[in-house]
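Remember, it's 1-based here, ligands and their atoms both numbered in the order they're listed. Computed from heavy atoms alone, side chains included, the values below leave out hydrogens, waters and symmetry copies. None of the values given here were measured: they were computed from a predicted structure.
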Amino acid sequence: MTAFTAAVLALLAGASSSSAQSSSEHIWASVGWVLHGERTPLFGATPPSLTPVGAQQMFAQGDLLRTRYLSRFTDSDDDGVDRHAPIVGIEANAIDNTQLSIITNTDQYMVTSAMAFIQGLYPPINQAFSENSGGMAAAQLANGSVVNYPLGGYQYPSIRTASILDFESVWYVRRCTDIQGMAVLTHYNRIGGNVGCTSYTESLLNFRNDTIIATVYNNTINFYQNLWRQLLNKAFPQSMANFGNAYLLYDYASFQYTHDNETRENITEGEMNMMARFAATEQRNKNANLSVSGSTEGDMIRAVAGRTMASKTVALFIESIRSGGSTNKLNLAFTSFEPFVAFFALSKLVVGNHAAEFKPLPEPGAVMLFELFSIGGGDTEFPSTDKLWVRFLYRNGTDPGDELTTYSIFGNSETRMPFNKFAKAVQEFGIGTISEWCRVCDSVSLFCQGLSSSIGSGSSPSPFAGSDHTGAVSPAIAGVIGAAVTIAVVGIAVLAAILMGGIRFHRADPKARNTTLGGFKGAEKMASDTDIAYVKSGSRHERTGSWELRGGGKETDVKQSVTHADTPSTTKVGVTVQARDLTHPSKKDIDDDAISEMGHSPVDPREF
Ligand SMILES: *[C@@H]1O[C@H](CO)[C@@H](O)[C@H](O)[C@H]1NC(C)=O
Ligand SMILES: *[C@@H]1O[C@H](CO)[C@@H](O)[C@H](O)[C@H]1NC(C)=O
Ligand SMILES: *[C@@H]1O[C@H](CO)[C@@H](O)[C@H](O)[C@H]1NC(C)=O
Ligand SMILES: *[C@@H]1O[C@H](CO)[C@@H](O)[C@H](O)[C@H]1NC(C)=O
Ligand SMILES: *[C@@H]1O[C@H](CO)[C@@H](O)[C@H](O)[C@H]1NC(C)=O
Ligand SMILES: *[C@@H]1O[C@H](CO)[C@@H](O)[C@H](O)[C@H]1NC(C)=O
Ligand SMILES: *[C@@H]1O[C@H](CO)[C@@H](O)[C@H](O)[C@H]1NC(C)=O
């Protein structure tokens with residue numbers, strides 16, 4: 001019973017340093033939020049993509065979860081810590097996609113991160129076939145031969161990629177809420193109508209007005225300008241070298257510091273650490289300042305990424321509970337850091353005893369885990385909801401020294417809490433429905449328009465609505481599906497028209513740009529271009545949200561920039577579709593998700 005005593009002591013201590021489970025526990029489901037692995041900089045010579053280092057990080061993290069959740073063993077490793085907490089009934093060797101839910105957005109480094117992670121979770125293995133994929137019967141031929149999957153039994157995960165036209169993306173990877181999402185915002189505006197969380201973006205426009213921020217800005221301007229001369233001038237205009245772009249600058253510098261020998265002569269480790277600290281401060285203010293409101297007083301608009309993320313965690317658990325534990329055993333979402341930063345604030349982790357661990361930005365590959373478990377009882381029957389507990393674990397990166405650690409959240413004294421209490425705590429701040437997201441964000445996403453016109457806002461189903469789910473599609477969901485179908489149909493119609501040469505989109509004449517607006521890098525860049533940087537490779541990166549755009553009397557707000565977008569819009573079936581020049585090769589590289597989004601199939605209602 002010493003393990004039990006230790007567990008009790010750990011609970012009394014408020015937060016424990018061990019992720020061990022006591023042997024009477026049964027884990028029924030887990031929801032993991034995984035930060036993508038190391039990638040090339042957002043603001044670099046090439047589009048951001050997963051590096052080999054990043055892939056190794058993801059693989060290692062997947063492997064760690066394999067040890068925790070899939071291993072049949074419960075013995076201790078050398079150091080006496082039990083790292084096993086197997087999920088009841090999950091396939092240990094052969095991937096069973098019906099037990100998993102894996103989602104990313106459409107960023108290539110995100111999708112590839114997910115793949116590398118799953119390779120660690122379910123490595124190739126010959127002669128392993130899960131029952132739900134047909135088992136041995138499907139692998140065997142009539143004459144008795146067994147056919148393996150290629151590459152020594154490679155396993156094929158079903159990874160869902162949610163584009164911004166897919167309302168499912170609201171829960172996971174609201175790219176309008178991240179710094180690069182800020183960049184992507186205008187990009188989206190070109191392809192599908194003003195998609196994004198408008199309230200959030202507007203709130204960021206006031207970022208610099210805060211006196212605390214202004215003071216930090218003033219105190220760090222020399223630091224950044226100095227670094228610009230040393231290093232950052234390779235990628236940034238001088239006007240961007242300031243605290244307002246702390247994350248973007250750090251993102252670039254840390255990549256160079258890791259990979260480029262010469263960079264180490266120009267920036268010290270101490271300077272790198274300072275950049276990291278400032279980046280974290282900036283992002284905590286942009287994504288975790290709970291006192292800033294959007295359209296409604298107290299709506300915590302900046303933390304929207306954490307509010308949706310927490311609600312979705314509860315919804316995924318409810319999904320698993322409704323299925324009696326047969327689906328959603330392991331749920332993985334691959335995201336950027338914003339949901340982490342926002343949730344650390346919402347859960348009060350950033351102000352608690354462990355503030356020092358939750359103030360820095362998470363390292364690549366960091367993972368937040370929520371585990372649904374019962375204590376005592378058997379593992380043959382799924383327990384009733386009131387016997388279920390939830391705990392939160394965090395691993396801040398993938399270094400061998402980083403431990404998966406249990407923390408108490410919401411100011412709780414224990415590291416575990418009853419599921420019902422957890423759901424209630426999340427409900428306090430969570431965003432539980434698409435229509436609520438649309439309202440809070442004041443979003444004009446196509447699916448928000450569809451939602452409000454077909455059912456009126458505020459009436460779509462909540463993931464908290466109890467567990468009396470019958471499997472029927474409610475009118476609200478039907479409305480959403482209808483909207484999605486409309487989007488798909490309109491998209492297909494436009495795509496077909498383009499392919500058949502019926503519609504052709506032209507770049508507006510560049511000379512028609514307003515040449516009275518000055519720009520960085522001389523005449524190449526007009527303010528009306530919403531900040532487009534041409535880089536060596538010829539691909540281009542767009543961004544908004546740099547202070548350069550707003551400061552210095554050159555006010556260019558995001559909406560205004562959009563009206564200057566260099567593609568015309570086409571009206572079709574009563575829906576405005578802003579199209580882009582598909583014939584322009586460099587644009588194809590950047591906007592490739594636009595094409596797939598057009599034909600995106602409607603969403604499986606079970607996903608709610
Ligand atoms: C069974 O059939 C497959 C394909 O026709 C063939 O490749 C394999 O050699 C056969 N195995 C035996 C044991 O005959
Ligand atoms: C913030 O400052 C900008 C100018 O930099 C100004 O246009 C805007 O109105 C200010 N917002 C608030 C809320 O004071
Ligand atoms: C949040 O923002 C408000 C208003 O901009 C500011 O006064 C406050 O200091 C910020 N809080 C934190 C924790 O940064
Ligand atoms: C920051 O510096 C600017 C210009 O030097 C000055 O106008 C402003 O008052 C300063 N703000 C703070 C908060 O120190
Ligand atoms: C380092 O600084 C020197 C001189 O300031 C410059 O010539 C060199 O290109 C810089 N190296 C890098 C990697 O930025
Ligand atoms: C950079 O590379 C050169 C040659 O490969 C090596 O001599 C030097 O020590 C390296 N510098 C650092 C800081 O690693
Ligand atoms: C991550 O957590 C480990 C402890 O598990 C700690 O030693 C390390 O300093 C942390 N790293 C960062 C970057 O916070």
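Using a 4.0 Å cut-off between a side-chain N of Lys or Arg and a carboxylate O of Asp or Glu, Lys286 and Glu282 qualify as a salt bridge.
Distances between N or O atoms of Asn218 and those of ligand 4 include at least one value under 3.5 Å.
Legend: salt bridge (charged side-chain N to carboxylate O under 4.0 Å, His left out) pairs involving residues 238-257, not counting sequence neighbours, sorted by first then second residue: Arg39-Asp251.
For Phe278 and Phe223, the distance between ring centers is under 6.0 angstrom. Ring centroids of His36 and Phe334 are separated by 6.0 Å or more, keeping the two rings apart. Taking the six-membered ring where the residue is Trp, the centroids of Tyr122 and Tyr156 are separated by 6.0 Å or more. Between Phe344 and Tyr407, the ring center distance fails the sub-6.0 Å criterion.
Each of the following atoms of ligand 1 lies closer than 4.0 Å to a heavy atom of Asn143: 1 (C), 2 (O), 3 (C), 8 (C), 10 (C), 11 (N), 12 (C), 14 (O). Taking every non-hydrogen atom of Thr215 and a distance limit under 4.0 Å, the qualifying atoms of ligand 4 come out as 13 (C).
Listed by chain and number, residues touching ligand 3 at under 4.0 Å (heavy atoms only) are Asp210, Ile212, Asn285, Asn289, Ser291, Val292.
Between Phe358 and Phe392, the ring planes are tilted. Angles from 30° to 60° get that label.
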